[in-house]
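One structure is given below, encoded as structure tokens.
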Amino acid sequence: MGIADHNRAVVLGASMAGLLAARVLADSYTEVLVVERDGLEDLAGPDGSAETRRGVPQGRHVHALLARGRHILEELFPGFTEELVAGGAITGDVTGNVRWIMDGHRMPKPHSDMLLLSMSRPFLEQRVRARVRSLPNVRFLERHDVTGLLTADGGKAVVGVSVTEDGAESTLSADLVVDAGGRRSRTPAWLKELGYAEVPEDQMAISVGYATQYYRLPDGVMPDEISIDVVASPELPRGAICAKIDGDRTVVTAYGYLGDYPPSTSAGFLDFLKSLSGTDIHDAVRDHQPLGDPVAYRFPANLRRRYELLPALPDGLLVLGDAVCSFNPVYGQGMTVAALGATVLRDHVTGDQAPDSHAYFADLAARAVDDVWEMTTGADLAFPGVEGDRTEEWQAEQGYVADLLTAATRDHSLLTAYARVVFLVDPPSALAAPEIQEAVRAALAQTGR
């Protein structure tokens, strides 16, 4: 099948994953159609800031575009970083302008040479959507709900989707369907209806609860910092992130594990901030009037759908983003993993042949999901109430990371190395490099360990 025969790709969902999928598909398909249940008007609140759309309730809370994700977006949309900064995104260094508090200890702030962009999710999503809308072969079909797959060859190929608008049903033909419909993706149910095996799932219940409140803080409160991150620990399973964002605002998201949720009242929210291992965020905001009441959100479990393990899959159907794997949002990895997935998708739709589903899902697991899943679930297992297998290997890895962070208070280059992994620039294996291990040993020796 030549490029000219790549006629239409249909993307399910205008999420960040869906938008980035549409961007890469536009290079290989004559037409890309993004089907979205919501309306996509670029709404603005009374202060002019972008508002969260209904289908992204988590969009009100702190979001992170990690350094690796920014690199990918800049590659897909040249000049995008400059556009974000011009629009009001806050910039700085990922370690030099961030106050990290771990177990009550304030970490050093070395310069990392990694750019940090801080902004709200709606601010970022609107600008990505505008870039995708500007592509001549991409169309958005708003306020349409996808109700099922169209198949051919006895269910061996997906050739489109059925949709409804205001109760009226119609069909859309497609040479490729990409499901970017998020955690509530209906692809597993649709595949089962077609006679395919049930999609294997890995889950880790963490019962994380959020509350978020916005402020407008004076310039002197955090003069040389973009954010303050008070990290939850096994001893105190609650934390918070305070970040300057677009619209001259500061957003504070507090969170707790295993049902230890922050209150949804302003007074209770402040008390929760004061109870953390460091009172830095509480002290920054306590004397300032919040912009509205706290907004709550719940995240029950890390969830991974293992499409790469299915013995059979139909042609013409791929899945991306949270529809494949949704991670504990405390770590801010979701949008960057969606960007990584888009680069995998790009590689599998470029060329003369239709994408091979098995090859795609295997590649997606290896290049976008495996490392992040291991990092996230490994970190969550540190909380005693989280169920999972704490192997000897896991215990050794956790002990080493704890030693590395202790050593980083002496050798600041170790914090930069750690940040490169956390921001998904380097793989976790980078921390096991001989020179890093030697630096950890040397720094610990200085502390008497």
Side-chain angles (χ1 to χ4, degrees), residues 52 57-66 90 92 94-95 97-107 109 116 118-121 206-218 221-245 249-299 327-334 376 379-380 382-383 385-386 405 419 422-423:
T52 301
Q58 73 273 24
R60 299 182 180 91
H61 307 276
V62 166
H63 271 68
L65 179 65
L66 303 182
I90 309 300
V94 300
T95 51
N97 299 113
V98 175
R99 193 190 317 174
W100 269 346
I101 301 158
M102 301 178 179
D103 295 326
H105 302 294
R106 284 153 191 80
M107 300 300 289
K109 297 196 290 185
L116 175 64
S118 183
M119 66 210 121
S120 66
R121 165 69 180 264
I206 52 175
S207 298
V208 166
Y210 277 83
T212 292
Q213 196 152 40
Y214 289 80
Y215 298 85
R216 186 159 281 116
L217 302 181
V221 173
M222 296 164 57
D224 64 343
E225 293 167 325
I226 294 177
S227 70
I228 305 171
D229 188 349
V230 184
V231 181
S233 67
E235 294 73 30
L236 185 61
R238 50 172 63 177
I241 302 170
C242 172
K244 296 177 181 176
I245 59 170
R249 297 169 298 160
T250 298
V251 58
V252 178
T253 292
Y255 62 90
Y257 278 79
L258 300 167
D260 183 18
Y261 301 149
S264 295
T265 64
S266 293
F269 186 76
L270 272 180
D271 288 341
F272 189 92
L273 294 177
K274 192 174 183 179
S275 75
L276 304 182
S277 64
T279 62
D280 300 55
I281 297 177
H282 170 268
D283 297 343
V285 303
R286 65 183 177 185
D287 296 327
H288 304 284
Q289 187 68 26
L291 306 175
D293 296 325
V295 178
Y297 181 68
R298 302 287 183 262
F299 185 87
F327 307 91
N328 182 346
V330 164
Y331 307 112
Q333 301 155 326
T376 299
D380 285 344
F383 295 88
V386 173
L405 291 174
V422 170
F423 284 81

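FYI, the numbering just counts along the sequence from 1.
Taking OG1 of Thr212 as the start and CG of Asp293 as the end, the distance is 13.0 Å to the nearest 0.5 Å. Atoms CD1 and CZ, on Ile281 and Arg286 in that order, are 13.5 Å from each other to the nearest 0.5 Å. To the nearest 0.5 angstrom, Ser264 atom OG is 14.5 Å from Tyr297 atom OH. One finds the CD atom of Gln333 at 3.5 Å from the OG1 atom of Thr376 (value rounded to the nearest 0.5 Å). Distance check: His288 NE2 to Tyr215 OH gives 9.5 Å after rounding to the nearest 0.5 Å. Taking CZ of Phe299 as the reference point, atom CG of Asn328 lies at 6.0 Å (rounded to 0.5 Å).
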_Assess the residue pair Thr95 and Lys109 against the criterion (side-chain contact (heavy atoms from CB on, under 4.5 Å)); give the C-alpha distance rounded to whole Å, side-chain angles, the decisive distance to 0.1 Å, and a yes or no._
CA-CA 5 Å; Thr95 51; Lys109 297 196 290 185; 5.9 Å; no
*Would Val285 and Leu217 satisfy side-chain contact (heavy atoms from CB on, under 4.5 Å), going step by step from the backbone distance to the final call?*
CA-CA 7 Å; Val285 303; Leu217 302 181; 4.2 Å; yes
*For side-chain contact (heavy atoms from CB on, under 4.5 Å), just list the numbers for Arg238 and Ser233, CA-CA rounded to whole Å, side-chain angles, deciding distance to a tenth of an Å, and then say yes or no.*
CA-CA 7 Å; Arg238 50 172 63 177; Ser233 67; over 6 Å; no
*Let me see the working for Arg216 and Thr250 under side-chain contact (heavy atoms from CB on, under 4.5 Å), right down to the final yes or no.*
CA-CA 6 Å; Arg216 186 159 281 116; Thr250 298; over 6 Å; no
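Of all the heavy atoms in Asp229 and Ile241, the pair that sits closest is OD1-CG1, 3.7 Å. Contact detail for Ala254 and Leu273: the closest heavy-atom pair is CB-CD2, 4.1 Å. Closest heavy-atom contact between Ser277 and Leu236: N-CD2, 3.5 Å. The minimum heavy-atom distance linking Leu276 with Ala240 is given by the pair CD1-CB, 3.6 Å. When every heavy atom of Ile226 is checked against every heavy atom of Ser118, the shortest pair comes out as CG2-CB, 3.6 Å. Looking at every heavy atom in both residues, Tyr255 comes nearest to Val230 through OH-O, 3.8 Å.
For Phe383, the side chain to side chain contact (heavy atoms under 4.5 Å, CB included) test picks out Ala232, Pro237, Tyr257, Val386, with sequence neighbours left out. Among residues two or more places apart in sequence or in another chain, the salt bridge (charged side-chain N to carboxylate O under 4.0 Å, His left out) test is passed with Arg99 by Glu225, Asp280. Applying the side chain to side chain contact (heavy atoms under 4.5 Å, CB included) test to Asp271 and every residue at least two apart in sequence or in another chain returns nothing.
The backbone N or O of Ser266 lies less than 3.5 Å from no partner atom in the side chain of Gln213, so there is not a single donor-acceptor pair. Here the side chain of Thr253 pairs a donor or acceptor atom with the backbone of Val62 at under 3.5 angstrom. No side-chain donor-acceptor contact under 3.5 Å links Thr279 to the backbone of His282. Using modelled atom types, no side-chain atom of Lys244 and backbone atom of Val251 make a donor-acceptor pair closer than 3.5 Å.
Within the 4.5 Å cutoff, no side-chain heavy atoms of His63 are placed close to those of Pro329. Proximity of Ile101 to Ile228: side-chain heavy atoms (C-beta onward) are separated by under 4.5 Å at one or more points. Pro294 is not listed as a side-chain neighbour of Thr265, based on a closest heavy-atom distance of 4.5 Å or more. Contact of the Ile90 side chain with the Met119 side chain is not registered, since no non-hydrogen atoms from C-beta on lie closer than 4.5 Å. Using a 4.5 Å heavy-atom cutoff, the side chains of Phe269 and Pro290 are not in contact.
Judged purely by distance below 3.5 Å, without hydrogens or angles, the side chains of Asp380 and Tyr331 pair a donor atom with an acceptor atom.
The cationic group of Arg298 lies under 6.0 Å from the six-membered ring centre of Tyr261 and within 45° of the ring axis, placing it in a cation-pi geometry.
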